[in-house]
Amino acid sequence: MRNLEVAQILREIGVLLEIKGENRFRVLAYQEAARKIENWPEAIELLAKEGKLRDISGIGEGLAAKIDEYLRTGKIEYYEELTKETPRELIQLTEVPGVGPKIARQLYSDLGILTIEQLVQAIQEHRLQNLPGFSIKSEEKIRKGIDIIKKNTGRMLLGYALPLAEEVITFLRENNQIDNISTAGSLRRMKETIGDIDILASTVDANRMMEAFINLPMVKQIIAHGTTKSSILTYEGVQIDLRVVDNQCFGAALQYFTGSKEHNVKLREYALKKGYKINEYGIYRIDDGKRRGGEKEEDIYQILGMEWIPPEMREDQGEIEAALQKRLPILVDIKDIQGDLHVHSNWSDGLVSIEEMAKAAVQKGYQYIAICDHSQGLAVASGLTPEQIQERRKEINQWNQNHSEIFVLEGVEANILGDGSIDLPDEVLAQLPIVVAGIHTGLSQNTEKINQRLEKAFKNPYVQIISHPTGRLINKRDSTQGDLALLFKYAQQTTTALEINAQPERLDLKDIDARQANEKYQIKLVISTDSHDPSSLNLMRLGVAQARRAWLTNKDILNTYNKGQLLEILQKKRERFTI
DNA sequence: GCCGTTTTCGGCCCGACTGTTTTCAGTCG
């Protein structure tokens with residue numbers, strides 16, 4: 001799968017063209033194509049091979065030829081030409097807040113600056129303020145921009161951003177008279193990583209609220225402070241923006257600030273066709289200029305003749321078309337979750353006993369919980385031997401005999417060994433109502449090996465669920481080299497379910513892949529927290545968000561079924577593939 | 001550079017803020 005790689009080079013061409021001062025719509029075309037390819041669920045090289053690149057809307061003759069060239073030869077002549085006059089180092093200069101393509105170009109042509117280090121040096125020597133159009137102020141602005149990227153170590157995990165935003169919102173609520181308050185931006189869309197935290201509110205006293213905001217205990221630096229918008233930087237380097245709007249504009253503002261940019265562009269284009277204009281203050285008829293709504297977010301969509309679109313879907317991935325046809329799926333909701341099918345206890349590397357995990361699950365209102373401790377192949381996690389599993393069974397049976405409030409399923413998270421076999425014998429697996437299996441070692445094997453390994457694991461009749469199927473750790477470790485399309489095929493053929501692991505750094509499968517698995521291969525998914533302690537059961541909402549971003553409904557998710565239905569489904573594969 | 005119940009040319013979302021200007025360019029979300 002070379003999609004990211006191709007998207008990257010197209011994006012770079014876009015920036016280079018921007019720096020060069022090319023037609024901005026040509027620039028846009030490259031950026032749009034990059035985005036589409038990045039989010040395309042199938043391998044771009046496969047599409048190219050079949051001559052179907054132009055199936056992707058936004059890729060025409062010119063781009064298709066360049067992509068083909070890149071996939072064939074490893075480079076694009078046009079790109080090489082561009083970098084001769086516009087060095088590619090300039091791309092990273094444009095990543096400094098306050099430095100766009102025009103300034104990057106000026107810095108290079110007038111001062112020969114190519115790198116951020118050279119820029120820092122030039123600022124120290126006050127060489128910027130003498131440039132035409134520059135002053136001490138603009139120099140200072142760029143210096144601050146450099147500070148910000150140096151502090152910012154990329155995007156933070158949703159699992160980190162969400163509680164932080166909630167803490168801020170709770171604090172603001174306690175200290176102000178608030179009409180409406182909500183997260184916005186990528187946080188409201190529940191993307192797996194978040195750039196900065198956006199909060200939107202309406203209140204009778206904006207000044208007071210801003211005052212409270214910039215005086216939060218976590219504030220290290222105030223980046224901006226006004227009556228409608230303030231930004232702060234926390235000690236941990238997170239930027240939080242608070243915007244305050246009139247109550248009657250709250251819906252329009254929420255729609256606008258939630259994005260995504262691509263969703264909004266598409267929505268506005270459609271609005272124009274229908275004779276409406278949308279901005280952050282409301283929706284207006286173009287002919288008489290009159291405002292037709294905007295107090296509620298629903299107004300915007302309703303007036304355009306669409307269903308209200310859940311924020312998680314707003315990525316311009318077909319949701320606008322579906323909303324127009326009133327065919328949006330009813331997305332799975334946290335309230336639909338009946339249990340957690342992958343948690344650990346202190347029999348392996350969990351922190352607490354089975355009883356404590358079960359009690360915590362009762363608090364969540366679950367019908368069932370599956371204790372899936374590691375198995376013997378994972379010694380570092382105190383994986384269980386067959387004998388230990390026998391021992392553990394007594395404890396689980398005892399719980400189930402004495403408690404009716406929740407059913408504890410006896411399970412394991414077994415290891416898929418280097419050759420694809422499972423690290424427990426079939427006789428042992430057969431006695432466990434639920435077997436989750438995952439790759440924990442040999443993650444860097446080549447594609448062929450990973451594929452063979454997974455094929456064998458999927459074909460094991462006792463393995464009903466594959467945990468964290470790609471093994472990725474966000475910002476830390478890439479997915480395994482396994483071929484996803486093949487993996488989906490195995491899952492489909494063997495009626496094996498795939499996990500959406502809700503751990504903040506895993507969220508594996510990711511949204512577009514989970515959607516593809518379900519839409520194209522009709523694979524069922526399981527949302528599991530992989531908890532090693534009771535409080536991690538709360539991570540379920542991250543997994544549910546991921547599933548919603550994958551357009552999944554109740555019927556697609558195994559752990560929305562009641563206990564009886566679930567046990568029946570789990571039995572199916574075994575009945576089909578054993579005698 | 002793409003695209004078309006606005007079809008083969010002429011469009012391609014919208015506004016705020018900043019800084020440097022007398023009406024706007026650049027950047028950002």
Side-chain angles (χ1 to χ4, degrees), chain A residues 10 13-36 53-67 76 78 82 93-107 128-129 131-142 144-145 148 184-189 194-198 200 223-231 239 241 243-245 249 252-253 255-284 286 294 300 304 316 320:
Chain A
L10 294 182
I13 293 178
V15 181
L16 291 171
L17 289 172
E18 223 178 348
I19 295 172
K20 202 182 149 200
E22 261 283 0
N23 178 304
R24 66 194 180 97
F25 295 110
R26 175 178 288 181
V27 172
L28 205 64
Y30 278 93
Q31 288 168 348
E32 181 66 6
R35 187 182 70 88
K36 283 276 171 64
L53 283 173
R54 298 189 60 182
D55 282 4
I56 303 179
S57 142
I59 293 180
E61 198 178 343
L63 277 166
K66 291 190 178 73
I67 295 167
I76 299 176
Y78 181 61
L82 270 177
L93 272 192
T94 65
E95 280 155 20
V96 176
V99 178
K102 296 294 185 294
I103 291 175
R105 183 177 163 195
Q106 190 180 8
L107 290 172
L128 261 55
Q129 46 182 277
L131 293 175
F134 276 78
S135 70
I136 299 176
K137 266 192 176 171
S138 31
E139 189 174 83
E140 181 60 12
K141 190 180 164 188
I142 292 175
K144 281 187 178 163
I148 287 174
S186 54
L187 185 53
R188 183 160 180 248
R189 303 200 310 280
I194 308 295
D196 49 42
I197 293 176
D198 290 312
L200 179 73
I223 298 171
H225 177 205
T227 51
T228 62
K229 183 189 166 181
S230 296
S231 295
Q239 185 176 329
D241 296 345
R243 294 164 207 264
V244 178
V245 297
C249 299
Q255 195 289 317
Y256 172 72
F257 289 120
T258 297
S260 67
K261 190 180 164 200
E262 291 78 13
H263 172 86
N264 284 357
V265 167
K266 193 74 158 273
L267 196 71
R268 285 164 187 212
E269 277 173 359
Y270 180 75
L272 276 180
K273 275 191 210 164
K274 291 283 160 188
Y276 291 96
K277 187 181 82 163
I278 305 172
N279 60 27
E280 58 262 56
Y281 302 107
I283 175 162
Y284 305 81
I286 291 173
I300 313 283
L304 294 174
D316 185 22
I320 289 177

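No hydrogens, no waters, no symmetry mates; every other heavy atom, side chains included, goes into these values. No experiment lies behind these values; they were computed from the predicted model shown. Letters A, B, ... mirror the listed sequences (proteins, then strands); counts begin at 1.
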Inset, instruction - Summarise protein proximity over nucleotides 24-29 of chain B in one line of letters, 5' to 3': B for base, S for sugar-phosphate only, - for none, counting protein heavy atoms closer than 4.0 Å. - result: --SSSB
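Between A:Lys36 and the phosphate of B:dC2, there is no side-chain N or O to OP1/OP2 separation shorter than 4.0 Å. Phosphate proximity of B:dG1 to A:Lys66: present, with a side-chain N or O under 4.0 Å from OP1 or OP2. The side chain of A:Tyr284 places no N or O atom within less than 4.0 Å of a non-bridging phosphate oxygen (OP1 or OP2) of B:dG15. Between A:Asn279 and B:dG15, a side-chain N or O to OP1/OP2 separation shorter than 4.0 Å is present.
Here the separation of B:dC28 from B:dT23, taken at their P atoms, is 26 Å to the nearest Å. Rounded to the nearest Å, the gap between the C1' atom of B:dT8 and that of B:dC2 is 12 Å. Straight-line distance between the P atoms of B:dT27 and B:dT21: roughly 15 Å, to the nearest whole Å.
Rounding to the nearest 0.5 Å gives a distance of 7.0 Å between CG of A:Asp316 and OG of A:Ser260. One finds the CD atom of A:Glu22 at 9.0 Å from the OH atom of A:Tyr30 (value rounded to the nearest 0.5 Å).
Using a 4.0 Å heavy-atom distance criterion, A:Leu28 is classed as making no nucleic acid contact. A:Glu61 comes within contact range of the sugar-phosphate backbone alone, with a heavy-atom separation under 4.0 Å but no base atom that close.
No hydrogens or angles considered: nothing links the side chains of A:Asn264 and A:Glu262 as a donor-acceptor pair under 3.5 Å.
A:Arg35 has its CZ atom 14 Å from the C1' atom of B:dC2, to the nearest Å.
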